[in-house]
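Note that the structure is a prediction, hence the values are computed from the model and not measured.
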Amino acid sequence: MAELEQKKLSELRVVDLKVELEKRDIDVTGVKAVLVKKLSKALTDEGHDPDKYLFTVDSKGGTPVKKTPHETLH
């Protein structure tokens with residue numbers, strides 16, 4: 001079962017940042033600092049304060065594991 005918690009922008013992991021950017025149809029390439037900047041701008045454009053906005057994230061969700069082509073065939 002998913003365990004949800006609230007986190008500020010500065011507390012998000014890269015995987016969380018990418019999820020939030022994808023929700024907004026924003027490019028997800030770049031290092032963490034670039035992703036934070038993109039999401040901060042998006043929040044400002046939406047009328048939110050990036051320093052106070054809280055995201056709901058799955059605290060138990062680990063970083064997705066990429067499968068090799070061999071694993072995806074089975």
Side-chain angles (χ1 to χ4, degrees):
M1 179 185 256
E3 205 170 300
L4 303 178
E5 65 179 275
Q6 303 257 336
K7 290 188 176 185
K8 291 183 179 181
L9 178 60
S10 61
E11 300 171 322
L12 295 179
R13 301 171 300 164
V14 169
V15 67
D16 300 322
L17 291 165
K18 288 184 176 184
V19 167
E20 292 298 327
L21 289 167
E22 286 174 348
K23 286 180 186 177
R24 292 164 172 84
D25 199 28
I26 298 172
D27 179 42
V28 297
T29 59
V31 296
K32 185 174 183 176
V34 171
L35 301 178
V36 168
K37 188 174 182 178
K38 289 179 184 181
L39 189 51
S40 178
K41 182 183 179 323
L43 290 172
T44 301
D45 291 348
E46 293 170 7
H48 301 292
D49 180 346
D51 295 325
K52 295 182 181 176
Y53 189 85
L54 294 175
F55 298 89
T56 301
V57 297
D58 181 358
S59 64
K60 293 280 184 178
T63 303
V65 177
K66 289 185 180 179
K67 294 185 176 184
T68 65
H70 177 71
E71 291 175 324
T72 58
L73 295 175
H74 294 123

Salt bridge (Lys or Arg N to Asp or Glu O under 4.0 Å) filter on Asp49, not counting sequence neighbours, yields none
Start with the C-alpha distance between Lys8 and Glu11, add both sets of side-chain angles, then the distance that settles salt bridge (charged side-chain N to carboxylate O under 4.0 Å, His left out), and finish with yes or no. CA-CA 5 Å; Lys8 291 183 179 181; Glu11 300 171 322; over 6 Å; no
Show your working on side-chain contact (heavy atoms from CB on, under 4.5 Å) between Glu5 and Val57 and close with a plain yes or no. CA-CA 6 Å; Glu5 65 179 275; Val57 297; 4.2 Å; yes
In this structure, which one of Lys7, His48, Gln6 forms a side chain to side chain contact (heavy atoms under 4.5 Å, CB included) with Leu54? Gln6
Under the salt bridge (Lys or Arg N to Asp or Glu O under 4.0 Å) test, which residues partner Lys18, sequence neighbours left out? none
Just how far is it from atom CG of Leu39 to atom CG of Leu12, taken to the nearest 0.5 Å? 7.0 Å
For Phe55 and Leu43, what are the C-alpha separation, side-chain angles and deciding distance, and is it a side-chain contact (heavy atoms from CB on, under 4.5 Å)? CA-CA 11 Å; Phe55 298 89; Leu43 290 172; 3.5 Å; yes
Which residues share a salt bridge (Lys or Arg N to Asp or Glu O under 4.0 Å) with Asp25, sequence neighbours left out: none
Heavy-atom distance under 4.5 Å between the side chains of Ser10 and Val36, does that happen here? no
Please lay out, stage by stage, how Leu17 and Leu9 fare under the test side-chain contact (heavy atoms from CB on, under 4.5 Å). CA-CA 8 Å; Leu17 291 165; Leu9 178 60; 3.8 Å; yes
Would you compute the distance between atom CG of Leu35 and atom OG of Ser40 and round it to the nearest 0.5 angstrom? 12.0 Å
What pairs with Ile26 under side chain to side chain contact (heavy atoms under 4.5 Å, CB included), at least two apart in sequence or on another chain? Leu21, Arg24, Lys38, Ala42
Partner set under side chain to side chain contact (heavy atoms under 4.5 Å, CB included) for Asp45, not counting sequence neighbours: Lys41
Check: Val31 and Val14 side chains under 4.5 Å, non-hydrogen atoms: no
Lys52: partners by salt bridge (Lys or Arg N to Asp or Glu O under 4.0 Å), with sequence neighbours left out: none
